[in-house]
Amino acid sequence: PQVVDGRAEIIEFDAKMLNGTSVRLAGLLAKPSGGGPFPGAVLLPGGRGLRVPTCYSSILPTFLEWGYVTLTVAPRTAREKDGTRRYTYSFADHGSYGFGAAQILGASEFVDKDNLVLWGHSYGGSAVVDAAGYGGDKLEVYRAAVAVAPYCPGKARPPGLPLLVVTGEKDPEVGPVLCKDYAEKLTGTADFEFLLLPETGHSYWVRFKRDYKYNPKTAKIAHQRVKAFYTKYLND
């Protein structure tokens, strides 16, 4: 659902493509109950539309339960100033849109701007990995990042911020091989962690498709690990 217990709304915000082109995006903003300020989470989903797919309908409440204000970015809503739609985008563009979303969260009265994190799944997970490697000084806006089921690159560039990569052993979309190789190349890298989930598919937290291999035990482990990873790097 697009509205989570009445605590979510569709908003528009400005961001930039990797090449510097300014665009206007739509996103789904949701906040926990209470006045805050709360930590904030930018969510980069694999779904390309504004409508949150079934696989994300339970991840939003999870972040709300953890006490995060979330802004889910919808990259295919991007429009230039003259109204031109940007239907296509790259991992780098998606990550760049996330920086725009982080600025919006950081300016909110409900959000602690010094405690922003990044999360991405599938195509969005790849955007997280790309941003972590090439985001430069922009990464200072985030305390930590988690990439779930990403298309890991062959070149393992050390991330510029704490990064956790989570992938399923039975992922039918991307498979674990590339991310296992990526993690092996980064062995010993400070603030980098890798979690391989046995008997788990593309979306570890929900029964999304019959062949996606949902495992409640590993889902619980993944949730605990992700939450603990973020908490480890948040400011007191």
Side-chain angles (χ1 to χ4, degrees), residues 29-32 34 36-45 56 59-73 91 94-122 124-150 152-153 156-167 179 182-197 204-205 218-236:
L29 179 68
K31 66 177 289 291
F38 305 100
V42 173
L43 308 185
L44 304 181
Y56 302 113
I59 202 67
L60 288 178
T62 296
F63 272 91
L64 294 179
E65 289 170 7
W66 291 348
Y68 286 83
V69 175
T70 65
L71 180 51
T72 305
V73 180
F91 296 152
H94 202 177
S96 185
Y97 296 160
F99 292 126
Q103 290 181 334
I104 295 302
L105 282 181
S108 169
E109 62 179 314
F110 301 110
V111 178
D112 178 356
K113 64 181 179 59
D114 294 322
N115 278 319
L116 302 183
V117 300
L118 178 63
W119 180 94
H121 170 249
S122 192
S126 303
V128 170
V129 172
D130 186 88
Y134 298 95
D137 293 342
K138 291 182 179 180
L139 291 172
E140 294 177 359
V141 71
Y142 300 121
R143 302 299 301 172
V146 174
V148 181
C152 289
R157 186 181 179 90
L161 81 169
L163 175 66
L164 167 63
V165 172
V166 181
T167 194
C179 281
Y182 175 81
E184 184 175 345
K185 291 176 180 177
L186 291 178
T187 298
T189 300
D191 298 325
F192 173 78
E193 297 182 20
F194 177 63
L195 177 61
L196 179 65
L197 298 171
Y204 69 75
W205 61 88
T218 56
K220 182 177 180 179
I221 291 172
H223 277 317
Q224 292 174 339
R225 181 73 172 273
V226 170
K227 182 181 180 182
F229 184 79
Y230 284 142
T231 301
K232 177 180 178 181
Y233 294 101
L234 293 181
N235 289 323
D236 295 332

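This is a predicted model, so every value here is computed, not measured.
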So, for [X] and [Y], which heavy atoms are closest and what is the spacing to 0.1 Å?
X	Y	value
Gly95	Ala127	N-CB, 3.8 Å
Pro150	Cys179	O-SG, 3.6 Å
Cys152	Val165	SG-CG1, 4.3 Å
Ala132	Leu139	O-CD1, 3.5 Å
Phe229	Ala145	CE2-O, 3.5 Å
Leu44	Gly98	CD2-CA, 4.1 Å

Is there a donor-acceptor pair under 3.5 Å between the side chain of [X] and the backbone N or O of [Y]?
X	Y	result
Tyr230	Leu118	yes
Asn115	Leu234	no
Arg143	Leu116	no
Thr189	Leu186	yes

For [X], does the [atom1] atom sit with more than 12 other heavy atoms under 6.0 Å from it, leaving out its own atoms?
X	atom1	result
Lys185	NZ	yes
Asp137	CG	no
Gln103	CD	no

Does any part of the side chain of [Y], heavy atoms only, come nearer than 4.5 Å to the side chain of [X], both counted from C-beta?
X	Y	value
Trp205	Val148	yes
Pro153	Val129	yes
Asp191	Pro159	no
Leu43	Leu71	no

Got a second to check how far [X]'s [atom1] is from [Y]'s [atom2], nearest 0.5 Å?
X	Y	atom1	atom2	value
Lys31	Thr70	NZ	OG1	11.0 Å
Phe91	Ser96	CZ	OG	15.0 Å
Leu29	Ser108	CG	OG	7.0 Å
Phe194	Thr167	CZ	OG1	6.0 Å
Glu184	Tyr182	CD	OH	14.0 Å
Asp112	Asn235	CG	CG	7.5 Å

**Complete:** Which of Leu164, Val146, Leu163 passes side-chain contact (heavy atoms from CB on, under 4.5 Å) with Glu193? Answer is Leu164
**Prompt:** Listed by chain and number, what are the salt bridge (Lys or Arg N to Asp or Glu O under 4.0 Å) partners of Lys220, not counting sequence neighbours?
**Reply:** none
**Item:** Aromatic ring proximity, centroids under 6.0 angstrom, Tyr142 and Phe99
**Value:** yes
For residues 59-69, tabulate all N or O donor-acceptor pairs below 3.5 Å that involve a side-chain atom, not counting sequence neighbours.
residue, atom, partner, partner atom, Å
Thr62, OG1, Ser58, O, 3.0

**Complete:** Hits for side-chain contact (heavy atoms from CB on, under 4.5 Å) against Thr218, two or more places apart or cross-chain, chain-then-number order -> Leu197, Pro198, Thr200, Asn215
